[in-house]
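Before any comments, here is the structure.
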Amino acid sequence: MSKPATSRSDAAIDPDRLLALHGTMVLIRKVEERLSQLFADGEVPGFIHLSIGQEAIAAGVNSGLSDIDTVASTHRGHGHALAKGVPLDRFFAEIMGRDTGLCRGRGGSMHVADTSIGMLGANGIVGAGIPLAMGSALAHQTRKTGGIAVAFFGDGALAEGVLHETLNMASLWSLPLLFVCENNGWSEFSPTDRQFRANIVELASVFGIEGRTVDGDDLVAVTAATQEIVAAIRHGGGPYVLEAKTNRVRGHYEGDAQTYRTDGDRPDAADPIARSRAALLAAGLTEEAVAATESEAVVAVETAVEAARAAPPADVSAARNGVYTDAVRGAA
Amino acid sequence: MAEMRIGKALNQALIDAMAEDETVILLGEDVAEAGGPFGVTRGLLEKFGPLRVRDTPISEASIASAGVGAALTGLKPVVEIMFMDFTTLAMDALVNQAAKARFMFGGQVSVPLVLRTPHGGGLSAGPQHSQCLEAWFAHIPGLKVVCPSCAADAYGLLRSAIADPDPVVFVENKALYARKDEVPDTLTAVPIGVARVARPGRDVTVVSYGAMVAVAETAAQELAETGIEVEIVDLRTIQPWDEGAVLTSLEKTHRLVILHEAVEAFGVGAEIAARMADIGFDELDAPIVRVGAPFMPVPFATGLEAVYRPDAQRVVAALRKVME
């Protein structure tokens, strides 16, 4: 993978805030490393898609959001959910198929959601979250909530028609919608340059939508850009496209043999976290303070995993509940 | 009693729902300035303004998905898809998102979305503007599907669909929009999932919905002249359909014909027939017969379309067969 053209920001961010965001990144990393192990050990069934190496985008973008803001995510959405603030114990419980899970074991990794804090769900359909977020932005505008919606999507979604439809509608209606393209260079098993001829920022400009590309592995750059962009959207500036260049360290999914990828393609997983750590030290924080935040993440992950292990499995007697809000014949 | 066109009844239901609840909004192609391709949304832009009545681009997939996203963010969107054939472009929104959100998120949220769309032939609209695809949606757990046959039900079912916390595919037969029906002075909500007996009779039951209820009526009148009394059960709701009402009628007549305009194979009639053969087997004095379109696309030319679309004569033939 080629390294992205960077637009690093030197904008000052409060060191304590930066430390908290670094903590979020480390938490996402530790969670996914733990999930990888749990998957290998057979404690997590199904498919999981990890965002290792992409943590700065989730942490940085969500730093500009509050609970009223809504986020639609992707199949690679663990980081988005965690950065939005889903409870860690219920997150692990969901992915481990427990009754205490966020979705009571009905969704799993690809459908983690917590609508009480505006997390409208990861999504198993590539690109599907983009028009969902547009509808959410439409609701913010209509109801005058003061909130904005964020559509996270990967570069694999660039060729999906709904992206192009949504860019058009968001522009027509000047919706409070932030498009965040996490460009890791891969569309499942294929390099994106073999799948998409355009560039997302240029494409957006055709629809009259402003955009910019940032180094998605630079927490300070993502955070600074997001703060500025979100403030503009919140004040009626209309939609905006943020392309964050990053790397997919792991395969498309856990267990992907990646025969399509050469060793030289594999970037260093520690990169964005090492960079945020360096930024913290440069900002005057001590090694001890940074290390303490990182240890907190490790402890939190282990506590959540143990709680999930101790929790009852998804309730089979309630398996058919929740298809409809009210009892309907044929559904419980 | 007064007379009202079905299109106006739908229009009135939208007006009343929007006046009552400011979270109800409309989205669709040409629903605002133009008042809808069939006039159902006429005057609503003027009444409720451009934030609540939005003309969308021709982007069915994203219109429907926007409805889901808006429903997850506190609105009750009523999305119009201009022809049911075009719902093929909105299947992800309906099938993967709207239908499943409640279940796959563990019951933490509902999706109060209504998707209005007209089906049906008879207008020489051709193979891509005439299909009846309601069985597709009835097959998806999480969706409700309704299809009114008369003005009072059009009003009442649309009010219930908008009030419903779950996604409802609201199917309108475009050949019915201009039809006038008697309606009560005060229009009221009609519950989803409850059928009505459109014509009482003792000898044989016809179960139908939408525009075919009137076709069944014509056939019933013809048979009445020969002393055969046909009972017509208008399902009104296809999912969840009123199994009890159909069984009650079968217990009375012991003979069952199921009629719909949609292609017969793998259709709504197949489900009803299978279920009645199971729970109503002892009541049956004759095999259950289905009347639906043959297994073919809807043709354009008037003569060809007549081959496709069930008419009263085919219903009469089916009724005579089960009365043998």
Side-chain angles (χ1 to χ4, degrees), chain A residues 70 72 94 101-108 110-116 118 120-121 123-125 127-145 147 149 151 160-166 168-169 172-173 314 318 320-326 328-331, chain B residues 22-23 25 27 50-52 54-75 77 79 89 92-93 95-113 141-144 164-167 192-193 239-244 275:
Chain A
T70 43
E94 180 59 29
L102 278 163
C103 308
R104 304 196 67 193
R106 275 77 180 284
M110 273 191 280
H111 304 290
V112 169
D114 186 349
T115 56
S116 69
L120 303 185
N123 211 303
I125 308 296
I130 303 168
L132 273 181
M134 187 262 287
S136 185
L138 185 151
H140 286 305
Q141 183 185 67
T142 306
R143 294 176 54 214
K144 300 179 174 65
T145 63
E160 288 281 8
V162 289
L163 168 64
H164 301 246
E165 294 181 3
T166 298
N168 181 44
M169 272 188 256
L172 280 172
W173 295 333
R320 295 181 62 198
N321 288 6
V323 179
Y324 296 95
T325 305
D326 306 317
V328 166
R329 183 192 51 72
Chain B
E22 66 177 15
T23 66
I25 64 153
L27 288 175
L51 276 184
R52 294 181 65 195
R54 290 192 198 227
D55 276 329
T56 67
I58 303 171
S59 304
E60 287 82 3
S62 294
I63 300 166
S65 286
V68 181
L72 290 171
T73 315
L75 293 181
V79 170
L89 297 164
D92 175 63
V95 175
N96 292 324
Q97 314 298 333
K100 291 176 176 54
R102 181 174 176 76
F103 180 83
M104 77 183 169
F105 296 161
Q108 60 180 282
V109 72
S110 297
V111 182
L113 169 73
L143 296 180
K144 296 181 180 180
D164 200 282
D166 295 317
I192 287 176
Q239 181 64 269
W241 63 283
D242 192 344
E243 187 178 285
R275 190 70 186 138

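Below, read A as the first sequence line, B as the second, and so on, with proteins coming before strands; counting in each chain starts at 1.
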Please look at B:Leu27 and chain A and tell me whether the side chain, the backbone, both or neither of the residue comes under 4.5 angstrom of a heavy atom of that chain.
side chain

Which atoms of A:Asn123 come close to chain B, meaning under 4.5 Å heavy atom to heavy atom: side chain ones, backbone ones, both, or neither?
side chain

Who among A:Gln141, A:Arg104, A:Met134, A:His164 has the most heavy-atom pairs with chain B under 4.5 Å?
A:Gln141

Greatest number of heavy atom pairs closer than 4.5 Å to chain A - which of B:Asp92, B:Val111, B:Leu72, B:Val68
B:Asp92

Most chain B-contacting option - heavy-atom pairs closer than 4.5 Å, from A:Thr325, A:Val162, A:Thr166, A:Asn168
A:Thr325

A:Ala128 versus chain B, the contacting section by heavy-atom distance below 4.5 Å
both

Name all residues meeting the side chain to side chain contact (heavy atoms under 4.5 Å, CB included) criterion together with A:Thr70; count only those two or more places apart in sequence or in a different chain, and write none if there are none.
A:Leu120, A:Ser136, A:His140, A:Ala149, B:Thr73

By a 4.5 Å heavy-atom criterion (distance strictly below it), what part of B:Thr56 contacts chain A: side chain, backbone, both, or neither?
both

Among B:Ala101, B:Pro57, B:Pro50, which has the most heavy-atom pairs under 4.5 Å with chain A?
B:Pro57

Name the member of B:Ala61, B:Ala66, B:Ala64 that forms the most heavy-atom pairs with chain A at distances under 4.5 Å.
B:Ala66

As an exercise: rank B:Asp164, B:Ile192, B:Asn96, B:Ile58 by heavy-atom pairs under 4.5 Å with chain A and give me the winner.
B:Asn96

Cut-off 4.5 Å, heavy atoms of chain A, and the answer for B:Gln108 is both

Residues at least two apart in sequence or cross-chain that pass side-chain hydrogen bond (donor to acceptor under 3.5 Å, both in side chains) with A:Glu94, listed by chain then number, are none

Residue among B:Gly106, B:Gly69, B:Gly193, B:Gly107 with most heavy-atom pairs under 4.5 Å to chain A:
B:Gly69

Pick whichever of A:Gly147, A:Gly124, A:Ala113, A:Gly108 has the most heavy-atom pairs under 4.5 Å with chain B.
A:Ala113

Name the region of A:Ile130, side chain, backbone, both or neither, that has any atom closer than 4.5 Å to a heavy atom of chain B.
neither

Considering only heavy atoms, which portion of A:Leu138 lies under 4.5 Å from any heavy atom of chain B: side chain, backbone, both, or neither?
both

